[in-house]
Amino acid sequence: MMKKMSISTSKTSLVLFLCQIISALDVPLDSKLLEELSQPPTITQQSPKDYIVDPRENIVIQCEAKGKPPPSFSWTRNGTHFDIDKDAQVTMKPNSGTLVINIMNGGKAEAYEGVYQCTARNERGAAISNNIVIRPSRSPLWTKEKLEPNHVREGDSLVLHCRPPVGLPPPIIFWMDNAFQRLPQSERVSQGLNGDLYFSNVQPEDTREDYICYARFNHTQTIQQKQPISVKVFSMDSLNDTIAANLSDTDIYGAKPVTERQPVLLTPTGSTSTKVELRGNVLLLECIAAGLPTPVIRWIKEGGELPANRTFFENFKKTLKIIDVSEADSGNYKCIARNALGSVHHVISVTVKAAPYWITAPRNLVLSPGEDGTLICRANGNPKPSISWLANGVPIAIAPEDPSRKVDGDTIIFSHVQERSSAVYQCNASNEYGYLLANAFVNVLAEPPRILTPANKLYQVIADSPALLDCAYFGSPKPEIEWFKGVKGSILRGNEYVFHDNGTLEIPVAQKNNAGTYTCVARNELGKIQNEVQLEIKDPTMIIKQPEYKVIQRYGQVSFECIIKHDSTLLPTVTWLKDNDELPDDERFLVGKDNLTIMNVTDKDDGTYTCIVNTTLDSVSASAVLTVVAAPPTPAIIYARPNPPFDLELTGQLERSIDLSWIPGDENNSPITSFVIEFEDALHEPGVWRYQTEVPGSQTTAQLKLSPYVNYSFRVIAVNRIGRSQPSEPSEQYLTKSASPDENPANVQGIGSEPDNLVITWEPLKGFQSNGPGLQYKVSWRQKDVDDEWTSVIVANVSKYIVSGTPTFVPYEVKVQALNDLGYAPEPSEVIGHSGEDLPMVAPGNVQVHVINSTLAKVHWDPVPLKSVRGHLQGYKIYYWKVQSLSRRSRRHIEKKILTFRGNKTFGMLPGLEPYSSYKLNVRVVNGKGEGPASPDKVFKTPEGVPSSPSFLKITNPTLDSLTLEWGSPTHPNGVLTSYTLKFQPINNTHELGPLVEIRIPANESSLILKNLNYSTRYKFYFNAQTSVGSGSQITEEAVTIMDEGYSEILFATSPVMHTVRPTFYKVQPLYPRIRNVTTAAAETYANISWEYEGPDHANFYVEYGVAGSKEDWKKEIVNGSRSFFVLKGLTPGTAYKVRVGAEGLSGFRSSEDVFETGPAMASRQVDIATQGWFIGLMCAVALLILILLIVCFIRRNKGGKYPVKEKEDAHADPEIQPMKEDDGTFGEYSDAEDHKPLKKGSRTPSDRTVKKEDSDDSLVDYGEGVNGQFNEDGSFIGQYSGKKEKEPAEGNESSEAPSPVNAMNSFV
């Protein structure tokens, strides 16, 4: 007897048709077939019913439909025909019904408000869209009002009204202060649903003048602000103090203390109120009470319980929230406000109404001529919705008559249909709260049979596995399917075959004799067709020699075998794993054809090794454990794995359990710690042993749990510290009875592979999990949040089912239930999947570029609406490329660069840009399917940056007193060059650097002649270029003036490029004088100031001083003669002073500042030592001695005294990296550890050469050289590179010994 598998998708049928079975045709989703069959229009995409648009952007009203032939589109507006050809602002997309109303080029959104409806029509009918109500969003300004300050007594209640402007959609309300910080809320202070701010009782800390209510209109992305509200809370203590200050002692005064009060409801008012909510919405009920102490709110439902899992409390339990309400949630809800003095309550009567919702939506019918069918449209709601029918968009009462059609309320009955009966019917279910509109077509087709499975398709299966031979077909009327084996074989019948309604032939257990040619025949009254397919049965792949457990001594060699047997026509691949991961990348592991060898074994090689064999049809694996041990001592007890158990016996056989006993083998000097029991299922997986359980080593019996429909054999493995024994001999077999499945497939997923399908996959049950013969799966799905019925189909023992004709990227609820010949598994859990993704439709809008600096730009864009993404949002990509350099005006090959920003980002940074260049970019949204369209190209320009170093610096033509410099412009000017800077200084025979001279050179020059140089002197040059942004990197070079006309020393230039431009002449200025090493010795009321001077003779000095940190003008004292010391008198004891020394007649020439502090004031009875004659004489002697020492030092210096060690070490280093003294700009000396001792009071500068910020306006912190890096003008982050940049060349070099002013220059010869 032939076995038929039926797929049922309907649970109900009309009473009128109990005597006959009506089944519509299923049209396979074959692309070639669908292109050939005529089909009425179907609306596939449309805008929402209530469509609020942004008045600043173009209005896009979507209407997409499919059909054969392709449908044409028309629109109505406010019930009348909308002629888009007469409105220049309105266009319709090609091959689509989607309207685009151009608002951004002069149109006004308000002019296009109204109700729109789309009609898609072809020769087989007309489908219509919902009524789409277009309304532009509105975000009106706040009405002006005069807000009086709120004066409130402590403990009283207070309500601050927001009264936001009425917008479309309504705004989101929140309260903040002037600093844009949200105002804290609590059980005492909270915001109501209407936006007002409620105080159950005010406290003194509530006093402030910046209570500001904000309204955020999300649709237009604007925020409106109400004027700040002032609240002044008068505490009882302050009131009593005020009253006491204004009353006499005899008056009785005093404000009443803060009194506690019973709760009083601030909202809602009264004792009762009503609330109407729609089914499926969120119900929000609110109670806010005043009182002191602050009342606590509690909610109850009279005569019932609050619904579990759908009830939430918000706003400190002042708001009751019930999600997804239904008619059962109607009733009286009571809120109770309670504090220590009493309580108050309010009852809210809730009525839940319902807009129409589907019970059974009409479904498309594909019928053959002469067949019968029905369209059923059932909806519910509160109140009960009325049902009306339309045919091709026209009320059915006035539509052309069709004798095969009869309307019976919510059902249309079709009898003996003909091809002219094809049409699209609309069902409208409406009540006062809304409507539902569904299109369903009746398509009458007369088609001979077609077989869609390719001819001579080859099927290959492993022996003893199921074989599924497809015969996808279509025809109208529905064809009958028959299968034959061989070209002239007899029709297939019998229990060894399963015939599915979709034409598939299943051979549950395919054997070698099932191989051959199979013929599928499809016939109906219009014709007959057949197709042949081939079936090949392959031998299963087996591991006939499995890897075995190994114990190996450290540094030994071990080998695992894996010998396989497979079908000769299949090509196997063998893979080895260690601990379920790839083998280590180590040459010690050698993989052979049938084995794995490990050389020089170490402890880390310990683990489980698995051999996996894969073919195109099956896969097998086997594992073994490697244990690495140390070399045993000699002599040593031999420890080994135990011998296998024996004499296995089965007793106590039941349907779901059995008792197994055994006798242990020899433990080989290592006690048995456990026994591992494995089982074989000879019915489903012969030769495969699986883990059953593990018991302690002291136990020799075990009760084992069994599964139905399994032919069990058991074996036992003993385990000790060394390892596992060989398995025991198998026990006798025991076959359990069949039962319905205990479990459902795991890892159920719903992921679309195409925009119009949903691929449901799962992990099939293992053979022993089937619990009986005839294992199948019931696959069910329904669209999420649409209140649709489940659609189910029963499939064979496969792992995938494809649902076609789905909308693009919508959520679906999916479940898969196992069943066999004895029944169903338990009800499965539901998972959420999505139909297939499609490429995004819309490009990101409002792309803006903000150039941060010459190498960095920030790009902003508006996110693409999630509905237009049509898939899982992956992120955004920015394509950008350089168009041209603005300094050279030369184009180059365009190389586009791409930056990807993951997630729903709305901005991104473009680093590494070239300065002074023109760029273009566009932005694209990315989903799982790919990239969407690009936004319009955006052009932006980077500003100028600092140039690179000059391309070369060449020094030629040395004479007694001149040198010629030639240079090349920077390779990368990064802007318009404004000038060049040349700095140079002499180097003497001891490699010390002399004074630095700086020259500014016009940008159009390429050579320079330096005059008035010292003869036979080496000079070091530093050369760089400038733009308006700043100086670029410098290039350095050295050269020597000649000793006489017959000698010259020419250094190599940085580039061989020659220049013939006439050079510019420059005369070097003489050495400029300076004052340095200003020192102070302070007493109580006076201070000794001394200094060192270099420069022309007969200079007249002056000393300026003032209080440190004061903004008062400097006080000036003239020094008599050309002395290098001076005594400041009349100072204030214990005061810090600043001091500097200058020279008369030299404009702006003075020393750096020094700071000292006078000594503390002495008691009046003590003698002022500074006025004693003996002290004055002593000081004069000391001063004379110091003067003599200075003269001796000068003389020794002129005779070639030694220079400090540090200066010699730095002789050839760039002056930028030599240490500078913070006070006078001179070079620091080499110092030892003593230099780093802490400074004593009155010291001039710290020995580590640091200066406090208040002592120097030139702190590195101000220039971004500190810990906190900042961006400089060209956008580079200088904090990251501080310490690596070259500093400015030094202004000179000084020894710790004072040189003679006369011989200052000679020391550098």
E286: side chain to side chain donor-acceptor pair (under 3.5 Å) partners, not counting sequence neighbours: none
Using the test side-chain contact (heavy atoms from CB on, under 4.5 Å), find all partners of E305 that sit at least two apart in sequence or belong to another chain. none
State which residues pass salt bridge (Lys or Arg N to Asp or Glu O under 4.0 Å) with E277; sequence neighbours excluded, sorted by chain then number. none
Summary of side-chain hydrogen bond (donor to acceptor under 3.5 Å, both in side chains) pairs that have at least one residue in residues 317-329, sequence neighbours excluded: S190-K318, R310-D329, E314-K321
Return each pair, listed once, that meets salt bridge (Lys or Arg N to Asp or Glu O under 4.0 Å) where at least one residue sits in residues 180-201; pairs must be two or more places apart or across chains. R188-D206
State which residues pass salt bridge (Lys or Arg N to Asp or Glu O under 4.0 Å) with R135; sequence neighbours excluded, sorted by chain then number. D50
What pairs of residues pass the salt bridge (Lys or Arg N to Asp or Glu O under 4.0 Å) test when at least one of them lies in residues 288-303, not counting sequence neighbours? E302-K334
Applying side-chain hydrogen bond (donor to acceptor under 3.5 Å, both in side chains), which residue pairs with at least one partner in residues 347-357 are found, sequence neighbours left out? N332-S349, Y357-N380
Going by the rule salt bridge (Lys or Arg N to Asp or Glu O under 4.0 Å), which residues pair with D862 if we only count those two or more places apart in sequence or in a different chain? none
Residues pairing under disulfide (SG to SG under 2.5 Å) where one sits in residues 192-224, two or more places apart or in two chains, turn out to be C162-C213
E113: which residues meet the salt bridge (Lys or Arg N to Asp or Glu O under 4.0 Å) condition with it, sequence neighbours left out? R138
H872: ring pair (Phe, Tyr, Trp, His ring centres under 6.0 Å) partners, not counting sequence neighbours: F809, H834
